[in-house]
There are 2 protein chains.
Amino acid sequence: MFSIGQLSKATGVKVPTIRYYEEIGLLPQPGRNAGNQRRYGQDGMDALGFIKHARDLGFSLEDIKALMGLDGQLGEDCAEADRIARSQLANVRDRIRKLEQLATELERISHLCDGGNGGCCKVLTALGDHSQCATEHG
Amino acid sequence: MFSIGQLSKATGVKVPTIRYYEEIGLLPQPGRNAGNQRRYGQDGMDALGFIKHARDLGFSLEDIKALMGLDGQLGEDCAEADRIARSQLANVRDRIRKLEQLATELERISHLCDGGNGGCCKVLTALGDHSQCATEHG
DNA sequence: CTTGAAGCTCTAGTGACTAGAGCACTTAGG
DNA sequence: CCTAAGTGCTCTAGTCACTAGAGCTTCAAG
């Protein structure tokens, strides 16, 4: 049996966050001891570990709820879990592409300040004017 | 003189968002007409354009407030604006790096489902277990 | 002059937490 | 057995950057 603090230490999820996950129905309600404190078993530990890892992989709590709901059935859940994972992968790839365009743009803007400061600063102007941009960002 | 709707169309910022920017003091309060409706001049248009572009570049509203506060002074603002832009660039690069690790991991997880479904689904297991990961993500 | 679009204010909701108040309970040492 | 520190409890409210909706007023075109 683990206390909420032990669970927190073991998984790296903060105590209020664990209570929050319980509140929104993501984490099953654990038993309580005589003094009304939460006591978790290995299943609670596993569930929280799953959530933590999926969160680190960028899944939304809603996705995670769906993934956890799949567990236990056979056959279809593979396809469905895979679909969710793939959609998350597409999402991540898209974010990378956008961020790369932003990095290009920010690099360009930063270089505007490089050549001394006689009559600089073009940085503010560049930030304000999309038509100066070399790439299509945003 | 522009109405809030015209400003919205011209900049691509939604009407409630413009009002929100005004509410938090990011956008100066415009004049009102006889019927209490907002009327903007070119300065309002420029300010909103600046905000929009900087938002697209990933700056927080707080950063943008700081950048807008710099405008008008000479000398130091270049250094300060450049500092903010560079810090944002570093931030973006960091996010790209992290997302790339996630993409690698998600690709690996997705492939677990490829070979038919006899005794698959490892996807849920992989999502739950960080020790199976090839890279350090999160 | 009518009608429909656009404007106004205000409140509340989103996601995923985080912070703080003000208690009760547990645990280790004496 | 007692005490003090630490941990736990619930509850409310705040974060960021909006978004949605109610219920009203004003504007612009025909």
Side-chain angles (χ1 to χ4, degrees), chain A residues 1-27 29-40 44-45 47-48 50-68 84 87-88 91-92 95 98 102 138, chain B residues 1-27 29-40 44-45 47-48 50-68 84 88 91 95 98 102 138:
Chain A
M1 283 297 166
F2 313 104
S3 71
I4 197 169
Q6 289 172 319
L7 221 66
S8 172
K9 251 187 199 156
T11 59
V13 179
K14 290 185 192 156
V15 169
T17 304
I18 298 175
R19 288 196 278 246
Y20 168 73
Y21 288 161
E22 181 185 325
E23 188 191 320
I24 62 169
L26 191 58
L27 206 54
Q29 297 196 342
R32 303 283 181 128
N33 71 356
N36 197 36
Q37 301 194 347
R38 290 166 181 82
R39 290 293 174 262
Y40 298 88
M45 183 73 91
L48 188 56
F50 180 91
I51 296 169
K52 173 65 159 64
H53 191 214
R55 280 298 293 145
D56 284 347
L57 288 169
F59 290 85
S60 70
L61 295 185
E62 204 175 349
D63 276 345
I64 295 172
K65 214 178 226 169
L67 285 166
M68 291 178 84
I84 294 173
S87 125
Q88 178 60 17
N91 184 337
V92 167
R95 276 153 69 198
K98 281 197 181 132
L102 292 186
Chain B
M1 283 295 168
F2 313 105
S3 71
I4 197 168
Q6 289 172 319
L7 221 66
S8 171
K9 251 188 196 153
T11 58
V13 179
K14 289 183 193 157
V15 169
T17 305
I18 297 174
R19 288 198 277 246
Y20 168 73
Y21 287 162
E22 182 186 325
E23 189 191 321
I24 62 168
L26 192 58
L27 206 54
Q29 296 195 341
R32 303 282 181 129
N33 72 356
N36 197 34
Q37 301 194 348
R38 290 167 181 81
R39 288 297 174 261
Y40 298 88
M45 183 73 91
L48 187 56
F50 180 91
I51 295 169
K52 173 65 159 67
H53 192 215
R55 281 298 291 147
D56 284 347
L57 289 169
F59 290 85
S60 70
L61 295 186
E62 203 176 351
D63 277 345
I64 296 172
K65 215 178 225 171
L67 285 166
M68 291 178 83
I84 294 173
Q88 178 59 17
N91 185 338
R95 274 153 68 197
K98 279 193 183 138
L102 294 186

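Convention: sequence-line order gives letters A, B, ...; per-chain numbering from 1.
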Pair A:Arg38-A:Arg32, side chain to side chain contact (heavy atoms under 4.5 Å, CB included): steps then yes or no: CA-CA 5 Å; A:Arg38 290 166 181 82; A:Arg32 303 283 181 128; 3.3 Å; yes
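- Between the C1' atom of C:dT27 and the CZ atom of A:Arg39 lies a distance of 11 Å, rounded to the nearest Å.
- Closest approach of A:Gln88 to A:Leu57, counting heavy atoms only: NE2-O, 3.5 Å.
- Here CG of A:Leu26 is found 9.0 Å from OH of A:Tyr20. Values are rounded to the nearest 0.5 Å.
- Note on B:Asn36: every side-chain N or O is 4.0 Å or more away from OP1 and OP2 of D:dT26.
- Take the nearest nucleotide of DNA chain C for A:Pro16 and for A:Gly35: the residue whose nucleotide is more 5' is A:Pro16.
- One atom, CG of B:Leu27, and another, P of D:dA17, lie 15 Å apart when rounded to the nearest Å.
- B:Tyr40 has its side chain out of reach of B:Leu48: every pair of non-hydrogen atoms, C-beta onward, lies at least 4.5 Å apart.
- Mapping A:Tyr20 and A:Gln37 onto DNA chain C by nearest heavy atom places A:Tyr20 closer to the 5' end of the strand.
- Look at CD on A:Gln29: it is 14 Å from C1' on D:dC9, rounded to the nearest Å.
- The nearest whole Å value for the distance from the CD atom in A:Glu22 to the C1' atom in C:dA16 is 16 Å.
- Side-chain nitrogen and oxygen atoms of B:Ser3 include at least one within less than 4.0 Å of the OP1 or OP2 phosphate oxygen of C:dG7.
- The side chain of B:Lys14 contributes an N or O atom lying less than 4.0 Å from OP1 or OP2 of D:dT19.
- Rounded to an integer number of Å, the gap from CE of B:Met1 to C1' of C:dA6 is 19 Å.
- When the side-chain nitrogen and oxygen atoms of A:Arg38 are compared with OP1 and OP2 of D:dG8, none of them lie within a distance under 4.0 Å.
- The CD1-P distance, from B:Ile24 to D:dC16, rounds to 9 Å in whole Å.
- No donor-acceptor pair closer than 3.5 Å links the side chain of A:Lys65 to the backbone N or O of A:Gly25.
- Taking atom CG of B:Leu61 as the reference point, atom P of D:dT19 lies 11 Å away to the nearest angstrom.
- Residue B:Ile4 is classed as a sugar-phosphate contact, given heavy-atom separations below 4.0 Å to backbone atoms only.
- For A:Tyr21, counting side-chain heavy atoms from C-beta on, the closest listed nucleotide (C:dC17, D:dT26, D:dG8) is C:dC17.
- Not one side-chain nitrogen or oxygen of A:Ser60 sits closer than 4.0 Å to the OP1 or OP2 atom of C:dG15.
- OP1 and OP2 of C:dC17 both lie 4.0 Å or more from every side-chain N or O belonging to A:Arg19.
- Atom CD of A:Glu23 is separated from atom C1' of D:dT10 by 10 Å (rounded to the nearest Å).
- For the pair A:Arg32 and B:Ala34, both in contact range of DNA chain D, the more 5′-proximal nearest nucleotide belongs to A:Arg32.
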